[in-house]
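Structure first, commentary second.
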There are 2 protein chains.
Amino acid sequence: MPPRHKSEAEKQQIRSAVLDAARELFVARGVDAVTMREIAKKVGYSPTALYLHFADKEDLLKALCATDFLALADGMNAIMKIADPIERLNVMGRAYAEFALSHPNHYRLLFMTPQIPCDAMDGGIEKGNPDQDAYAQLMHMVKLAFDAGCFREDIKESSLIAQTLWAGMHGVCALEITKQGDPWVDWQPILTRILTMQDALMRGLLRQSN
Amino acid sequence: MPPRHKSEAEKQQIRSAVLDAARELFVARGVDAVTMREIAKKVGYSPTALYLHFADKEDLLKALCATDFLALADGMNAIMKIADPIERLNVMGRAYAEFALSHPNHYRLLFMTPQIPCDAMDGGIEKGNPDQDAYAQLMHMVKLAFDAGCFREDIKESSLIAQTLWAGMHGVCALEITKQGDPWVDWQPILTRILTMQDALMRGLLRQSN
DNA sequence: GGTGTTAATTAAACAATGTTAAGTTAACGT
DNA sequence: ACGTTAACTTAACATTGTTTAATTAACACC
């Protein structure tokens, strides 16, 4: 009941408290559990107060994802220090899968949900900046390997290689997230599927001489 | 207002009229447009009447999907007549992608949504029956090629090959459905991506001698 | 042929959701 | 001292899925 004028820093703090509460619900119980009322209760405000910090629920979720999108890019970034361009790509793929499977709800929202175009994400993420954009990071790594002549010479576009590698990993992870434990399919172990996908794509895309 | 006692056939007809109305909304405007009230209006009943034919909304959607799941399996089935086991797999993959991209809303509900386990689908679909189960169909085709010695001999499980091929196609299609037109990524043409995925996986999984 | 049961249907209502409109209260500037 | 404004809340609205309680016509039977 007692409102006081807040500094910009205090406002930011409330904003991030809201995001933390939302994240906790989100991670634990999925996107449907993230109701404005429940977030508000958790953070000690009335539901309407959230609208002072976020335009609407989608805006709030976008802000949530922006944070984790940056975390993903950060992880990719650290991998650049590996010297061998192909080993680097392999490690990157496995790091991507690990992110997906240990944050399935985030992964679903980032890469399996249409309503939220990455492009419009909050948090000042810049397209093409490898520090912030995991796809740019992948493109960069593929291009280095491509220019070093690692890939089949009949493939003209390095972006096609990047998109194929991404799609392969995405396919394994997305099916795992969506259909894990579904008795319809007798799944091989997820790690086996990840490594097989990686191995098969690399064999299929690299120059024979490797 | 004038209720008359209905035969079983008439009930089935209403049920399928409801499904048709729901499908129309669903295909045109996605799952969010499928509200019980709107279906009811389209089919000329009150919203509550739908509950005489379906337990709840999820049940209705499952029935919707069962139909299209069968259609998918039917398409796969027709491909069995191709003699060459590898060409057969390639054609199957492209048919799968065509299904996904021409019925994106169905594909999303069938393969990108967790709430609806294939296993519990209505319509009497039997697991493992290749006439009705597209995955069983894939497994069967892969196993034939596997037993004919088409694949690398260090891969011991044919199901691992099937799951990798599926995941690869799924990855391309799911990313296309989710991120088509997203300016974040400069996509190569979708057909190119499909063919590249198929080509790369086959090169990576088949015996060298092929 | 009346009469009670039942099947088909609906209108009204409930609870949950995102969101908006209209207050309320305390701090600040002048 | 006093109006304005920032920070918040309570009440309310619209939309959803779903349930309860009628209503109404057809059928079965004596």
Side-chain angles (χ1 to χ4, degrees), chain A residues 1-19 21-23 25-26 28-65 105 109 113-116 120 122, chain B residues 1-19 21-23 25-26 28-65 105 109 113-116 120 122:
Chain A
M1 321 264 184
R4 214 174 311 171
H5 283 203
K6 303 265 169 93
S7 71
E8 204 59 36
E10 284 172 308
K11 278 200 263 187
Q12 276 301 329
Q13 195 200 319
I14 294 182
R15 193 183 144 97
S16 87
V18 171
L19 283 175
R23 187 189 316 278
L25 292 168
F26 180 56
R29 289 157 45 210
V31 70
D32 286 340
V34 183
T35 92
M36 298 303 255
R37 283 170 168 86
E38 201 162 356
I39 299 170
K41 194 161 87 180
K42 211 173 173 72
V43 82
Y45 283 104
S46 82
T48 44
L50 306 188
Y51 290 86
L52 302 176
H53 301 270
F54 300 93
D56 52 19
K57 187 182 178 180
E58 192 183 324
D59 187 44
L60 197 159
L61 286 181
K62 273 195 291 204
L64 250 196
C65 283
N105 284 313
L109 207 52
T113 306
Q115 277 77 6
I116 300 185
D122 243 348
Chain B
M1 321 263 180
R4 214 174 313 168
H5 284 203
K6 303 264 169 94
S7 70
E8 205 60 35
E10 283 172 309
K11 278 199 264 187
Q12 276 300 330
Q13 196 201 317
I14 294 182
R15 194 183 143 99
S16 88
V18 171
L19 283 175
R23 186 189 317 277
L25 292 168
F26 179 56
R29 287 157 45 209
V31 70
D32 287 340
V34 183
T35 94
M36 297 304 255
R37 283 169 167 85
E38 200 163 357
I39 299 170
K41 194 161 87 180
K42 209 174 174 70
V43 80
Y45 282 102
S46 82
T48 43
L50 305 188
Y51 291 86
L52 302 176
H53 301 272
F54 301 93
D56 53 19
K57 187 182 178 180
E58 191 182 325
D59 187 44
L60 197 158
L61 286 180
K62 274 195 290 204
L64 250 196
C65 283
N105 284 314
L109 206 53
T113 306
Q115 276 78 4
I116 299 187
D122 244 349

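So that the names make sense, note that chain A is the first sequence line, chain B the second, and so on, each numbered from 1.
- Between the OH atom of B:Y51 and the C1' atom of C:dA8 there is a distance of 17 Å, rounded to whole Å.
- Two residues are said to be in side-chain contact when any heavy atoms from C-beta on lie closer than 4.5 Å; B:I39 and B:Y45 fail this criterion.
- When the local axes at the two ends of the helix from C:dG1-D:dC30 to C:dT30-D:dA1 are compared, using 5 base pairs at each end, they differ in direction by 30° after rounding to 10°.
- Between the CG atom in B:D59 and the CG atom in B:L50 there is a gap of 11.5 Å [rounded to 0.5 Å].
- Contacts between residues 34-47 of chain A and DNA chain C, defined by a heavy-atom separation below 4.0 Å, involve A:V34, A:T35, A:M36, A:R37, listed by number.
- Applying the side chain to side chain donor-acceptor pair (under 3.5 Å) rule to pairs touching residues 47-56 of chain A yields A:S46-A:T48, sequence neighbours excluded.
- Computed from coordinates, the A:D32 CG to D:dG17 C1' distance equals 13 Å when rounded to whole Å.
- Not counting sequence neighbours, the partners of B:E10 by the side chain to side chain contact (heavy atoms under 4.5 Å, CB included) test are B:K6, B:S7.
- The interatomic distance linking A:E58 (CD) with C:dT17 (P) rounds to 19 Å, in whole Å.
- B:K41 pairs by the side chain to side chain contact (heavy atoms under 4.5 Å, CB included) definition with nothing, not counting sequence neighbours.
- Closest contact between the side chain of B:L52 and the listed nucleotides C:dT9, D:dA7, C:dT19 involves C:dT9.
- The shortest side-chain heavy-atom distance between A:N105 and A:V31 does not fall under the 4.5 Å cut-off.
- The distance between atom CD of B:E10 and atom P of D:dA26, rounded to the nearest whole Å, is 13 Å.
- In this structure, NE2 of B:H53 is placed 6 Å from P of C:dT9, rounded to the nearest angstrom.
- In this structure, A:L52 and A:I14 have side chains that are not in contact, with every pair of non-hydrogen atoms separated by 4.5 Å or more.
- Summarising the geometry, the separation between CG on A:L25 and C1' on C:dT17 is reported as 15 Å, rounded to the nearest angstrom.
- Looking at B:F54 and B:R15, their side chains come closer than 4.5 Å, going by heavy atoms from C-beta outward.
- By the salt bridge (charged side-chain N to carboxylate O under 4.0 Å, His left out) test, A:R29 is found to be paired with A:E38, residues two or more places apart in sequence or in another chain being considered.
- Taking atom CD1 on B:I14 and atom C1' on C:dA8, their separation rounds to 9 Å, with Å as the unit.
- The distance between atom CG of A:L50 and atom P of C:dG18, rounded to the nearest whole Å, is 10 Å.
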